[in-house]
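See structure below.
We count ligands from 1, going down the list as the structure has it; atoms in each ligand are counted the same way. As the structure is a prediction and not an experimental result, all values here were calculated from the model.
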Amino acid sequence: MGKVTGFMEYERIEEGYEPVEKRVKHYREFVIGLTDEQAKIQGARCMDCGTPFCNNGCPVNNIIPDFNDLVYRGDWKNAIEVLHSTNNFPDFTGRVCPAPCEAACTLNINNDPVGIKSIEHAIIDRAWEHGWVQPQPPAAKTGKKVAIVGSGPAGLAAAQQLARAGHDVTVFEKNDAPGGLLRFGIPDFKFEKSHIDRRIQQMQAEGVVFRTNTLVGELPAGSKVTNWAKETVSPQQLLQDFDAVLLAGGAEQSRDLPVPGRELAGIHFAMEFLPQQNRVNAGVKMKDQIRADGKHVIVIGGGDTGSDCVGTSNRHGAASVTQFELMPMPPEQENKPLVWPYWPLKLRTSSSHEEGCVREFAISTKEFIGKDGRVTGLKTVHVEFKDGKFIEIPGTEKEYKADLVLLAMGFVGPVGTILDAFGVAKDARGNAKASTDERGGYATNVPKVFAAGDMRRGQSLVVWAIREGRQAARAVDEYLMGASVLPR
Ligand SMILES: Cc1cc2nc3c(=O)[nH]c(=O)nc-3n(C[C@H](O)[C@H](O)[C@H](O)COP(=O)(O)OP(=O)(O)OC[C@H]3O[C@@H](n4cnc5c(N)ncnc54)[C@H](O)[C@@H]3O)c2cc1C
Ligand code: SF4
């Protein structure tokens, strides 16, 4: 345990942000991490609870009390060993995880949980600085070949685990660089892509082969998902060439809003808008980038993706940004005794919201209006959620001006044609059907084909993708070798 009286002596310290006026002028990360001394104080606050709820609240079951104690003692090297024992990529989660561990922390009963995410961030940054993150190639090779479709956090975590177990792993990715939504969805100001690049180098040194610009199967005609494939590989070819195949293709199919006027120019999916900016930041020249400069922007959808559209639009120099959410405004403070240690429903204000945005709740878009084929506005009505349905409130109809509309209403599931091409059965929501049982988990109905991450569970979080990638790797290893020493 850190310091016995630490939780009574020290306050929670939040990571800092660069001021708004400065950070909206660039696309770099703007979080100011903890100093050694601040991290030590955060670690000292941990009570090393007999039942560490944080550990259970964390999808990868990070051994949080142990690394909190190590940081308190200044033993950063052992802290990264503990962190890496459950999480391949704390550099990803230390930046973008919403930190369900902190919601579960016992100190959150007083609204001041241990700053677990900021400690994780501090540990992995120091580990990279000191050269402690090194490739771990396997001592012996098994001669077994595994294909992984998709290079998001699920595919990457699985690939690293399987390569370290001695298998020959090839990752197939239709985009021109690995990383999945980490690279093309999440904006650089939340997560710079160099974090992925150095992990790819580490994994290549561990033997993982990346085949980017390669689509497995085919996409439906007119599909708007990101795809820069220059070649195609058929599922039959993969099944013939590899001993096992793991499908980790994400849940990329955006939810549409089929109301009158949807065909007007200037209405785009968030996942058309966001990847373009990330590519421009990476040096790709783009002629027809969707831009928000000087425009009145309406973002439809109140979640993470919508918030990323708000931050990107403000960096473009939008005239105004308004975000719509269909659900009513949640309470600012959750009913703690009712929800702790679970993830609470409460009003969340992101750093992008702080940069400038009007937020409207309980609002539904009825129609897009336009002139000369371009969107100029939209018609809305306020709604009430009653008996499982949204009821329009008479007299609340309104028109908003809009030159650019971004649809960020979530994702309906994976691209079905890819699962169909493998003959993989789907669950009721269209995701790849596979259980997470301890034995035989992650296996689909098709022999030697497994599924993990958003493709199996639906659009979720990076940390869940890492968990599923790790667990699926163990399932694949067991299938290939009869037993596995990989952790679950
Ligand atoms: C805009 C946005 C912001 C987000 N912000 C956060 C956040 O702040 N924190 C958080 O925890 N989560 C966030 N998420 C969710 C998170 O990014 C995902 O849950 C996570 O990336 C899922 O990982 P995955 O590996 O399952 O799939 P993905 O990351 O979607 O990766 C799947 C990959 O498979 C590739 N692929 C698919 N089909 C094929 C095929 N047939 N052939 C070859 N390649 C294929 C795709 O091109 C893609 O690269 C966000 C999501 C979005 C869209
Ligand atoms: S729940 Fe909070 S105080 Fe308890 S062990 Fe976990 S981080 Fe420490």
Under 3.5 Å, which donor-acceptor pairs link side chains of residues 336-344 to any protein atom two or more places apart or in another chain?
residue : atom : partner : partner atom : Å
Lys336  : NZ   : Asn108  : O            : 2.9
Lys336  : NZ   : Asn108  : OD1          : 3.2
Lys336  : NZ   : Asn111  : OD1          : 2.7
Lys336  : NZ   : Glu334  : OE2          : 3.0
Trp340  : NE1  : Ala104  : O            : 3.2
Trp340  : NE1  : Cys105  : O            : 3.0

Which residues pass the side-chain hydrogen bond (donor to acceptor under 3.5 Å, both in side chains) test with Asp308, not counting sequence neighbours? Lys190
For Glu192, I'd like to know if atom CD has over 12 heavy atoms of other residues, nucleotides or ligands within 6.0 Å. yes
Taking everything shown except Glu231 itself, do over 12 heavy atoms lie less than 6.0 Å from its CD?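 Atom CD in Glu231 is packed in, count exceeds 12.
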According to the interplanar angle, ranging from 0 to 90°, do the rings of Trp228 and Phe184 count as parallel (below 30°), tilted (30 to 60°) or perpendicular (above 60°)?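 Tilted: the ring planes of Trp228 and Phe184 meet at 30° to 60°.
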Can you list, by chain and residue number, the protein N, O or S atoms under 2.8 Å from atom 8 (Fe) of ligand 2?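 Listed by chain and number, the atoms are Cys46 SG.
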Contact table, ligand 1 N/O with protein N/O, distance under 3.5 Å:
residue  : atom   : partner : partner atom : Å
ligand 1 : 8 (O)  : Val96   : O            : 3.4
ligand 1 : 8 (O)  : Lys190  : NZ           : 3.0
ligand 1 : 9 (N)  : Val96   : O            : 2.8
ligand 1 : 11 (O) : Val462  : N            : 2.9
ligand 1 : 19 (O) : Asp454  : OD1          : 3.3
ligand 1 : 19 (O) : Asp454  : OD2          : 2.9
ligand 1 : 19 (O) : Ser460  : O            : 3.1
ligand 1 : 19 (O) : Leu461  : N            : 3.3
ligand 1 : 25 (O) : Pro153  : N            : 3.2
ligand 1 : 25 (O) : Ala154  : N            : 2.9
ligand 1 : 26 (O) : Asp454  : N            : 2.8
ligand 1 : 29 (O) : Leu181  : N            : 2.9
ligand 1 : 41 (N) : Val216  : O            : 2.8
ligand 1 : 42 (N) : Val216  : N            : 3.0
ligand 1 : 44 (N) : Lys174  : N            : 3.1
ligand 1 : 47 (O) : Glu173  : OE2          : 2.7
ligand 1 : 47 (O) : Lys174  : NZ           : 2.9
ligand 1 : 47 (O) : Asn175  : ND2          : 3.3
ligand 1 : 49 (O) : Glu173  : OE1          : 2.6
ligand 1 : 49 (O) : Glu173  : OE2          : 3.1

Mind checking the CZ-NE2 spacing from Arg183 to His195? Nearest 0.5 Å is all I need. 11.5 Å
Side-chain contact, heavy-atom cut-off 4.5 Å: Glu252 with Lys174?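 Yes, their side chains come closer than 4.5 Å.
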Is the backbone of Phe269 close enough, under 3.5 Å, to the side chain of Glu272 for a donor and an acceptor to pair up by distance?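 Confirmed, Glu272 side chain pairs with Phe269 backbone.
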Donor-acceptor under 3.5 Å (Ser350 side chain, Ser352 main chain): yes
